[in-house]
There are 2 protein chains.
Amino acid sequence: MKKRGEIMQAEVLAILRRRGTPMSAYEVLGQLRDSHPQLAPPTIYRALAALTERGGVHRLESLNAFIACKSDSHKDASILSICDDCGEVEEFVSPDLLKALSSIAGQSGFAPTRHVIEVHGQCASCGSAQDQA
Amino acid sequence: MKKRGEIMQAEVLAILRRRGTPMSAYEVLGQLRDSHPQLAPPTIYRALAALTERGGVHRLESLNAFIACKSDSHKDASILSICDDCGEVEEFVSPDLLKALSSIAGQSGFAPTRHVIEVHGQCASCGSAQDQA
DNA sequence: CACGGGCTTGATATAACATAACAAACACAC
DNA sequence: GTGTGTTTGTTATGTTATATCAAGCCCGTG
Ligand SMILES: [Zn+2]
Ligand SMILES: [Zn+2]
Ligand SMILES: [Zn+2]
Ligand SMILES: [Zn+2]
């Protein structure tokens with residue numbers, strides 16, 4: 001088979017890209033039910049897992065949510081800044097920081113395989129909006 | 001009032017410390033039901049929230065689990081390494097890395113308030129155990 | 001082409017994680 | 001001791017995620 005799954009992944013990715021900000025799996029599911037009323041959670045989770053593995057989508061561990069990659073397929077783990085006011089997410093890549101992090105964790109012989117780096121706070125536009133208030 | 005909540009927090013902390021590895025809120029609940037059979041989820045979540053805020057407990061965002069702080073109340077966010085084989089967690093503090101991270105995220109005016117840094121992989125002892133296999 | 005083994009996908013059900021909302025208990029001021 | 005605000009307990013429900021099995025497809029064999 002295989003075809004059906006790829007179509008689903010493409011649809012999920014399109015929805016996440018249209019949105020731009022984080023979506024829960026169930027929000028994606030809600031969107032897709034317009035066109036596929038029978039859709040069940042495992043289908044979405046499978047599509048998200050495949051996309052996440054491949055790098056087209058990132059999972060925000062601290063939000064239990066997903067977002068389309070903004071920089072179109074990088075190799076390294078990304079650094080995600082998350083505005084707690086408006087939900088905007090920015091993505092950064094820093095091999096240096098990743099190396100520093102691996103070396104800290106590696107002090108005691110730990111072998112890293114996956115890095116989760118998420119920074120919560122307030123984005124520039126929410127910050128300036130607040131200044132005016 | 002206030003008293004009962006503090007007792008609950010102390011019991012939760014004691015359970016987490018005894019275990020040493022990550023526990024879900026419901027695992028803690030299960031333990032506590034031995035002595036307090038009526039206990040409901042919100043009680044545990046309140047105790048965990050208070051402990052987390054105060055720094056005695058850290059939440060592992062990528063596991064939806066909690067662990068007692070190993071280094072007894074530091075101010076900065078910690079770096080947590082998580083062995084995906086045995087569940088062992090180590091905790092590191094690195095103001096330098098935090099500063100680097102804040103400066104990366106701050107490039108576009110973002111103001112960080114909370115850092116989530118979790119590294120998954122294999123700990124030293126699981127790594128050497130695998131070598132022998 | 002019919003069949004069967006091995007895989008991918010779909011559907012049902014349920015498990016795991018978390019919080020909203022309200023009721024009861026308590027503390028403290030008066 | 002009564003009123004008032006706060007903390008805790010309880011019930012119910014909402015949200016996130018996965019186990020499990022059934023159905024469909026692919027493809028090689030005869
Ligand atoms: Zn990316
Ligand atoms: Zn914002
Ligand atoms: Zn700590
Ligand atoms: Zn290990």
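Chain A is the first sequence line, chain B the second, and so forth, proteins listed ahead of strands; every chain is numbered from 1. Computed from a prediction, not measured in an experiment: that's the story for all the values here.
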Give the intermediate values and the outcome of side-chain contact (heavy atoms from CB on, under 4.5 Å) for residues Phe66(A) and Met23(A). CA-CA 5 Å; Phe66(A) 300 84; Met23(A) 294 179 81; 5.8 Å; no
Apply side-chain contact (heavy atoms from CB on, under 4.5 Å) to the pair Leu32(A) and Thr43(A), showing each step before the final yes or no. CA-CA 11 Å; Leu32(A) 278 171; Thr43(A) 304; over 6 Å; no
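Protein atom CD1 of Ile7(B) is 14 Å distant from nucleotide atom C1' of dG9(D), rounded to whole Å. Rounded to whole Å, atom P of dT8(D) lies 8 Å from atom CD of Glu6(B). Going from atom CG of Leu32(B) over to atom P of dT8(D) covers 15 Å, rounded to whole Å. Here the P atom of nucleotide dA16(C) and the CG atom of Leu63(B) are 16 Å apart, to the nearest Å.
Between Glu27(B) and Arg19(B) there is a salt bridge, with a side-chain nitrogen of the basic residue lying less than 4.0 Å from a carboxylate oxygen of the acidic one. At a threshold of 4.0 Å, the pair Arg114(A)-Glu61(A) counts as salt-bridged, since one of the basic side-chain nitrogens sits closer than that to a carboxylate oxygen.
Between Leu63(B) and Pro22(B) the shortest heavy-atom distance is CD1-CG, 4.0 Å.
Distances shown here put every side-chain N or O of Asn64(B) at or beyond 4.0 Å from the OP1 or OP2 atom of dT16(D).
A donor atom on one side chain and an acceptor atom on the other are not found under 3.5 Å apart for Thr113(B) and Gln122(A).
A heavy-atom distance below 4.5 Å is not found between the side chains of Arg46(A) and Gln9(A).
Less than 4.0 Å separates DNA chain C from at least one heavy atom of each of the following residues of residues 36-62 of chain A: Gln38(A), Ala40(A), Pro42(A), Thr43(A), Arg46(A). Listed in residue order, the members of residues 18-31 of chain B having a heavy atom less than 4.0 Å from DNA chain C are Ser24(B), Tyr26(B).
Checking each of Ile15(B), Leu16(B), Ile44(B) against Gln31(B) for a side-chain contact (heavy atoms from CB on, under 4.5 Å) leaves exactly one that passes, namely Ile15(B).
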